[in-house]
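Order of appearance sets the numbers: ligands from 1, and atoms from 1 within every ligand.
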Amino acid sequence: MLLLLFFYFTSFHTPTGSQTQNLRIGGLFQHETEQKAFHLATDLINAKYKDSSIRLIPDSHLIDNYNAYTTYLTTCELLQKGVIAIFGPSSIHSSPAIQTILDRKEIPHVETYFDRKLSRHDCLLNLHPHPSVMSQAYLEIVNKWGWRSLVVIYDSEESLAKLGLFAASCKQRVTLSRLELDMYDTFRTSLTSIKKTGETNFILECSVDILEAVLKQAQQVGMMTERHSYIITKLDLQTIDLAPFQYSEANITGFRIFNPENAEIMSLADQIYTQEKYKGIPSGWLLRHQTALLIDSVDLLHQAVLDLTLSEQVVIQSQTLYCNTSNNWDSGHTIVNYMKGQTIKGLTGVVHFDNEGFRRDFTLDILELSLGGLLRIGAWSFFSGLSLNRPPNLSKVKIVDDANLVNKTFTVITCLTTPYGMLKETTQQLFGNDRFEGFGIDLMDELSKMLGFNYTIIIQEDGYNGNYNQTTGEWNGLIGAILSGKADLAIADLTVTAEREAVVDFTLQFMNLGISILYKKPKPVPPSLFMFVSPFSYTVWILLVVTYFLVSMCFFVMGRLSPSEWTNPFPCVEEPEYLINQFSIRNSLWFTIGSLMQQGTELAPIGISTRTGAGVWWFFTLIMVSSYTANLAAFLTVETLVTPFSNVKELSEQTEIKYGAKRGGATANFFKNAGNDSVRSRIWHFMATHDEEMTESNDEGVERTEEKHYAFFMESTTIEYVIERHCSLASVGAPLDDKGYAIAMKKNSSYRNDLSAAILRLQETGKIAQLKEKWWKEKRGASNCGAQKSESAATPLNLQNVGGVFLVLFLGTGLGFCISFVELALRVYSTTKKTDQQFRKELIEEIKFFIRFKKNVKSVKPETH
Ligand code: GLU
């Protein structure tokens, strides 16, 4: 061991004859152990380069994480002492305050904590791998483990923020939820709440100080069984006591950035144990990654300073700096840039930075807790990704073999359900897969061509897709066949449901659908006596009547206002004593109804205003009458169809028509799991109490619907297929839900992703749509009902259809009104000019007369000259 120690500390020495230069380096930390680790790091590196001309003198301080002001003062104090770099702190909170001053003063700032910022300050170097890089490692493990959903368990917002990039990148493939550990309670309460959700995959991101307690309490609440898997993100998993969990059945995976068994770490442990001043620093197997990163960072600085000094590029002289002056250190940037360009071999592997100032060249060991303790099962690096070397006898193996499907042979099970899987109709004798055809068979064929696998089709004789039997605890149908290992893949009209998803894996859905009702086509109703009302909606009728009265009144008022409408009752008398007006209330009502009925009256408007009003009214009546006639013609020629129910609610409320669904299918289960939905519950109550109405297959349901007073709940895609061939049937109401069909396989199957990707490609290229067209619209008696498609039913015209004409009418009548006022004013003006009367007084008098509305006779005033 001493030999090793000697080797480690002497292997990189740089002999030089020059005098030793002492350079002060600052450290700002929250905990005493970090402070000690910093001193240890400096001592180690000074010993490593003991023959060099550079000696680093550590000057460290404890800071309060939440007191930025004292941190600022301590930083200034260090700058006054002429430090050439500052290390720490290890928290997101105090870091920004320090970074700003150091950037200004151009002093290298070296950090070793998990900083998620996407860019690095000029003077900042962080040796901790960036969260974006770490996220890729987590993601690859999650994919390899085949997780479809997971819960992130975290202890603080800071911890959660570290996983932000991971969450963003896996969101599309994995259902992700999160749970914050209640730090003021036992963790059991939080863990029990997540246990109740039934989730079994967890990413645990919490401080290493509480990690052991969290795992222990997870074990106490029963979350360490063979069903449970954990990925622990902290790089210090090996430092906690995992013995209590070794025999649990849970799968625990973690990462480390250095191997604690390597010679350097072991010799370091000796050093720590033997010296009192380092007491309390976890070492050997317990060495934390932060300490290792700190040692590497001091090493990096020492080498940079030494190289620069030896190559005489810069003379490194420490300088006293004050926070309140504008001076800065000239050599700072040179050192930082040199450090960024350097590559050293440290305790945590290769220390090298890319252009953005992040470490990417390191390798993470993948660890798994086995019966014998933590086992290295593989490695991950940014450039070569994940490589696993998992012993096959590891008891908790969850992953499956390599996902390459070329030349693999699968047993594919299907049901004989039209049009997904059917027997070929031929007189020849067929063998093997050739015996079958259908949408599902063609789809499997396309997938096998794309991915290069072979397959043998077998048939699920009872025709069930998969139903869980509560009493026996077993699945039947296709799902049962997958679980028992009878088949590798199941393809049919197999609906993805939460219950099935819990026991098997599904690919992406290849078809989307919803539950709908299959029933007989609506029947025509006998014509009604009052058919003539139908062309307009009730609103339009009411509006028409109101408009008629309003317009008539407008004619009456306009007639009175317009001077031209006051006419001489005796044309032979040149100077009559009085004038009469044809637009009395009765005449106005008669005039408007006459034109509305397209008949006409003796009345003929004379004034410009009344003529404008009449023109607009005639236009209105023209449009309304033509619309009425056209729509009445449609009502007389098109048959009106009625269904006894138009949605699921109406069906559930009546008793005459019986209804059902395929027994044990996803549709029946949709009603069974109705929860608080009263309509669905009512339907399920009927189905449960009338088992004879449930069918063994979709075909049986279709037959009953055609022959009896029966409605059948069926999936919309199958309804589409049926109504294309059974012309007396139709789909009633909107779909009740939204789901899809997919291919099922055993849980954690490695080939699921490949099959999903292939389905996606088939969807994108339009192949799946083509197959649907072929089996729905072309094959096996399709398009039978095309010619019989009924024309669309006539509907009453509503306000939206005729609203425009009403608007034109109102505007036109308004215009007529305005004109009648102008006419009156002009007439009064010309009269007053001749008679030297006052225009205003005369106008008011005229208006007063008009609004008395009593007389239709107006006396003529003698003209005074
Ligand atoms: N597709 C359904 C299932 O997977 C069967 C048909 C149905 O229930 O409507 O169970």
Tell me which one of Glu715, Lys739, Arg500, Met714 gets a heavy atom nearest to atom 6 (C) of ligand 1. Glu715
Close-contact set for ligand 1 against Leu494 heavy atoms, below 4.0 Å: 4 (O)
Identify the closest protein heavy atom to atom 2 (C) of ligand 1: which residue and atom is it, and at what distance? Thr495 OG1, 3.4 Å
Would you find a donor on one side and an acceptor on the other, under 3.5 Å apart, between the side chain of Ser756 and the backbone of Leu508? yes
Do Glu474 and Asn476 have side-chain atoms, one donor and one acceptor, less than 3.5 Å apart? no
Nearest protein heavy atom with distance in Å, relative to atom 7 (C) of ligand 1: Thr667 OG1, 3.0 Å
Please report whether ligand 1 has a polar contact with Ala668, defined as an N or O pair separated by less than 3.5 Å (distance criterion only). no
Test applied, ring pair (Phe, Tyr, Trp, His ring centres under 6.0 Å); reference residue, Tyr420; option that passes from Trp775, Trp776, Tyr721: Trp776
Can any side-chain N or O of Asp488 pair as donor or acceptor with the backbone N or O of Thr411 at less than 3.5 Å? yes
Would a line drawn from the ring center of Tyr519 to the ring center of Phe645 be shorter than 6.0 Å? yes
Within 4.0 Å of some non-hydrogen atom of Gly665, the atoms of ligand 1 are 8 (O), 10 (O)
side-chain contact (heavy atoms from CB on, under 4.5 Å) for Thr695 and Phe712? Distances and angles first, verdict last. CA-CA 9 Å; Thr695 68; Phe712 189 56; 3.5 Å; yes
Do Tyr751 and Phe410 have ring centroids that are under 6.0 Å from one another? yes
Under 4.0 Å from ligand 1, counting heavy atoms only, is it the side chain of Arg663, its backbone, both or neither? neither
How close does the nearest protein non-hydrogen atom get to atom 3 (C) of ligand 1, and which residue and atom is it? Asn465 ND2, 3.1 Å
Under 4.0 Å from a heavy atom of Asp493: give me the atoms of ligand 1 that qualify, with their elements. 1 (N), 2 (C), 3 (C), 4 (O), 5 (C), 6 (C)
